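Read through the structure below, which is laid out as structure tokens, and then see the notes.
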Amino acid sequence: MRASYPDDARLAVEAALSESFLPCESRYAGVVCEAMRYSLLSGGKRFRPVLVLLGAELVGLDWDQVLPTACAIEYIHTYSLIHDDLPAIDNDDMRRAKPSCHIAFGEDVAILAGDALFAEAFRLIGAEQSPDRPDLAVRVVREIAEASGLGGMVGGQVVDVLSAKTQVDAAKLDFIHRHKTGKLITASVKAGAILGDGSEELLAVLERYGDRLGLAFQITDDILDLTGDEAVLGKPVGSDEERFKATFPGVYGLEEAAKIARAAADEAKRSLNGLPGDTGRLRDMADFVCERKR
Ligand code: GRG
């Protein structure tokens, strides 16, 4: 059975993303603005902002009440992809079926576009998120900053980059995946619930759900890098092997890696047991991460 993806939420994010962006004309920094737009509005599954919306649903918030934060998280994800593709990191020429940001605009502009997206993310939350509850907006800023920085995405990426061409054991690989990918995914689903003043118990459940979901997501990413269809993925396959990157299929083999991803996704679903309200869409997301082809 193919898991259903919440396309209604994805389309709401897509519309908010294009509206969230200031026009680029008549600005000294116009070319950087164009590069930011190019990368941000070039498709993608919008997996993380969709999770923000689904987290918000759990606490009875409407999507439009959390869209600034949903967009901000996609800004941060886009910055990470732009920087990840740079020659100094993964040196990928294609992203989302288009030339990577640095191929289209040059390395200098791509670096600055990533930097600016990161800053704009927090500007967007500060300017537009929950003006009546600044305490909740501040809590979300902290959650997202922790998930993006040294204790999260960057911390995991540093270990990943420095571990290439070395022997990586299972514990280190688990750390890399849960930090470079898992933390931002976890912050996404928690952010929606935080903005609705969700209970600490609920946030603890979502922390567990996001951690397991993020691990399954990145293992599937490793598998797709070996077995995926380039036309569907929008980027070349085989790049992890080429760069001697530490991956789950590399350590466990393809079949076992797929089983570990499935088990993590099932744990994500189980962690939701007992929660009040409809958790069906979050459960579908767990199935989606294992079944996805891009
Ligand atoms: C700190 C060395 C260093 C570099 C900066 C922080 C960073 C760049 C990169 C983080 C690592 C990273 C890119 C993690 C995300 C991995 C991942 C699974 C990306 C693909 O996400 P999808 O499948 O992509 O959601 P779409 O295109 O659908 O948005």
Side-chain angles (χ1 to χ4, degrees), residues 5-7 9-10 13-14 17 38-52 70-71 73-92 94-98 100-102 107 110-115 117-118 121 144-164 173 175-189 210 213-226 228 230 232-237 239-240 243 245-248 261 264 285 288-294:
Y5 194 73
D7 271 321
R10 184 182 58 76
V13 166
E14 210 64 67
L17 277 173
Y38 172 86
S39 291
L40 187 68
L41 304 179
S42 63
K45 295 177 287 297
R46 313 308 193 189
F47 184 73
R48 295 152 193 82
V50 163
L51 282 174
V52 178
C71 289
I73 290 182
E74 188 67 11
Y75 281 26
I76 293 173
H77 170 59
T78 303
Y79 123 70
S80 80
L81 299 179
I82 294 173
H83 282 195
D84 199 48
D85 289 340
L86 287 168
I89 310 286
D90 272 2
N91 196 18
D92 275 319
M94 295 293 287
R95 169 70 64 182
R96 293 172 171 171
K98 284 168 66 176
S100 304
C101 191
H102 66 276
E107 273 183 64
I111 290 168
L112 292 167
D115 292 342
L117 279 166
F118 190 52
I144 297 171
E146 283 175 359
S148 314
L150 216 47
M153 182 174 74
V154 170
Q157 176 75 349
V158 169
V159 180
D160 191 20
V161 167
L162 299 181
S163 300
L173 184 58
F175 174 91
I176 292 170
H177 281 31
R178 289 169 65 198
H179 284 76
K180 83 167 180 180
T181 305
K183 291 286 183 184
L184 195 60
I185 285 176
T186 303
S188 301
V189 68
L213 187 74
L215 180 64
F217 191 92
Q218 183 58 54
I219 297 173
T220 305
D221 211 70
D222 291 353
I223 293 171
L224 288 174
D225 189 71
L226 280 173
E230 290 191 357
V232 179
L233 281 174
K235 59 179 185 175
V237 295
S239 54
D240 288 340
R243 283 171 207 124
K245 290 294 268 297
T247 65
F248 268 71
M285 290 295 259
F288 168 78
V289 297
C290 296
E291 294 173 18
R292 70 192 182 94
K293 303 287 175 235
R294 72 180 189 106

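Whatever order the structure lists them in is the order used to number ligands and atoms, beginning at 1. In this text, all values refer to a predicted model and were calculated from it rather than measured experimentally.
Of the protein's non-hydrogen atoms, the one nearest atom 17 (C) of ligand 1 is Gln218 OE1, 3.9 Å. Met153 CG, 3.5 Å is the protein heavy atom nearest to atom 10 (C) of ligand 1. The protein atom (non-hydrogen) at minimum distance from atom 3 (C) of ligand 1 is Gln157 CG, 3.3 Å. Among all protein heavy atoms, the one lying closest to atom 15 (C) of ligand 1 is Thr181 OG1, 4.0 Å. At the top of the distance list for atom 23 (O) of ligand 1, counting protein heavy atoms only, stands Lys45 NZ, 2.6 Å.
Close contacts between ligand 1 and Asp221 involve ligand atoms 18 (C) [criterion: under 4.0 Å to a heavy atom]. Atoms of ligand 1 lying under 4.0 Å from at least one heavy atom of His83, given by number and element, are 5 (C), 8 (C). Near Asp84, with a cut-off below 4.0 Å to any heavy atom, the atoms of ligand 1 are 8 (C), 13 (C). Listed by atom number, the atoms of ligand 1 under 4.0 Å from Lys180 heavy atoms are 14 (C). Of all the atoms in ligand 1, the ones that sit under 4.0 Å from a non-hydrogen atom of Val154 are 1 (C), 6 (C). When each atom of ligand 1 is checked for a heavy atom of Leu81 under 4.0 Å away, the hits are 19 (C). Each of the following atoms of ligand 1 lies closer than 4.0 Å to a heavy atom of Arg292: 23 (O).
Between Phe248 and Leu173, some side-chain heavy-atom pair lies under the 4.5 Å cut-off. With contacts defined as side-chain heavy-atom distances shorter than 4.5 Å, the pair Arg95/Thr78 does not qualify.
Electrostatic pairing of Arg243 and Asp92 counts as a salt bridge here, judged by a charged N lying under 4.0 Å from a carboxylate O.
Few gaps surround CG on Leu41; more than 12 heavy atoms of other groups in view lie less than 6.0 Å from it.
No N or O atom of Ser80 sits closer than 3.5 Å to an N or O atom of ligand 1. Considering backbone and side-chain atoms together, His77 places an N or O closer than 3.5 Å to an N or O of ligand 1.
Within the 3.5 Å criterion, the main-chain N or O of Thr247 finds no donor-acceptor partner in the side chain of Asp222. No donor-acceptor pair closer than 3.5 Å links the side chain of Arg10 to the backbone N or O of Gly44.
Under the 4.0 angstrom criterion for non-hydrogen atoms, Arg46 is not in contact with ligand 1.
With a heavy-atom cut-off of 4.0 Å, Asp160 does not touch ligand 1 at all. Contact annotation: for Arg48 versus ligand 1, heavy atoms closer than 4.0 Å belong to the side chain alone. Contacts of His179 with ligand 1, taken as heavy-atom pairs under 4.0 Å, are absent altogether. Contacts between Arg96 and ligand 1, counted as non-hydrogen atom pairs separated by less than 4.0 Å, involve the side chain only.
The distance from atom NE2 of His177 to atom CG of Asp160, rounded to the nearest 0.5 Å, is 7.5 Å. One distance of note links SG of Cys71 with CG of Leu40; it measures 8.0 Å at 0.5 Å rounding.
For the pairing with Asp221, the salt bridge (Lys or Arg N to Asp or Glu O under 4.0 Å) check across Lys45, Lys180, Arg292 returns one residue only, Arg292. Asp90 pairs in a side-chain contact (heavy atoms from CB on, under 4.5 Å) with only one of the listed residues (Lys245, Lys235, His83), which is Lys245.
For the pair Arg46 and Tyr5, the cation does not sit on the ring face, since its NZ or CZ is not both under 6.0 Å from the ring centre and inside 45° of the axis.
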